[in-house]
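Everything numeric in this text was worked out from a predicted model, so none of it was measured. Index from 1, following the sequence.
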Amino acid sequence: MDNLKKEFNQVSKTVAKEALQTADILESGVEKTVTDVDRYVEPIRLTVFRRYPILFSVLVLSGAVITTLGFEYILHRYSILVNHPWLVFLTGLVILTFTGGLYKNLKNKL
């Protein structure tokens, strides 16, 4: 029985080692592929943004407006927020203060 456990442990270690080696090989292949695709697509991406700046500006603006409108509809579902808009305002200020402090701390660490 002990020999069977030792053999099982040895096989398990071998399989784990082979799996890690295979994962490393796959990771390096994926990284190379991503780099190659980025290198190929980047000039095309830049020319599209330069060719159609108004289209992309409208798309970004539309996305921002739709997101804001959706957020407003979500807020209107809660009567406490509709009846007390200052609560929404104060919550927004707290979130902005928190994210600003977090940004400052992260900027100093880098």
To the nearest 0.5 Å, what is the distance between CG on Asn108 and OH on Tyr103?
10.0 Å

OG1-CG distance between Thr33 and Asp38, expressed to the nearest 0.5 angstrom
11.0 Å

Calculate, to the nearest 0.5 Å, the distance between atoms CD1 and CG belonging to Ile95 and Leu102 respectively.
13.0 Å

Do Tyr52 and Leu59 belong together in a cluster built from hydrophobic side chains that touch within less than 4.5 Å?
yes

According to a hydrophobic-cluster definition based on side-chain heavy atoms being under 4.5 Å apart (Ile, Leu, Val, Met, Phe, Trp, Tyr only), do Leu87 and Phe71 belong together?
yes

Inspect the surroundings of CD1 in Ile54 and state if more than 12 heavy atoms from other residues, nucleotides or ligands are less than 6.0 Å away.
no

Using the rule that Ile, Leu, Val, Met, Phe, Trp and Tyr join whenever any side-chain heavy atoms are under 4.5 Å apart, tell me whether Val37 and Tyr40 fall into a single cluster.
yes

Do Ile80 and Leu90 land in one hydrophobic cluster if side-chain heavy atoms of ILVMFWY residues count as linked below 4.5 Å?
yes

Determine whether Val88 and Leu75 make a side-chain contact, defined as any pair of heavy atoms from C-beta on separated by less than 4.5 Å.
yes

If you group Ile, Leu, Val, Met, Phe, Trp and Tyr whenever their side-chain heavy atoms sit less than 4.5 Å apart, what else falls in with Ile66?
none

In terms of hydrophobic clustering (I, L, V, M, F, W, Y; side-chain heavy atoms under 4.5 Å; direct or indirect links), are Leu81 and Trp86 co-clustered?
yes

More than 12 non-hydrogen atoms from neighbouring residues, nucleotides or ligands closer than 6.0 Å to CD on Gln21, yes or no?
yes

Between the OG1 atom in Thr35 and the CZ atom in Arg39, the distance rounded to the nearest 0.5 Å is 6.5 Å

Got a sec, which hydrophobics cluster with Leu20, joining ILVMFWY side chains under 4.5 Å apart, including via others?
none

Pairs meeting criterion salt bridge (charged side-chain N to carboxylate O under 4.0 Å, His left out) with involvement of residues 19-34, two or more places apart
Lys32-Asp36

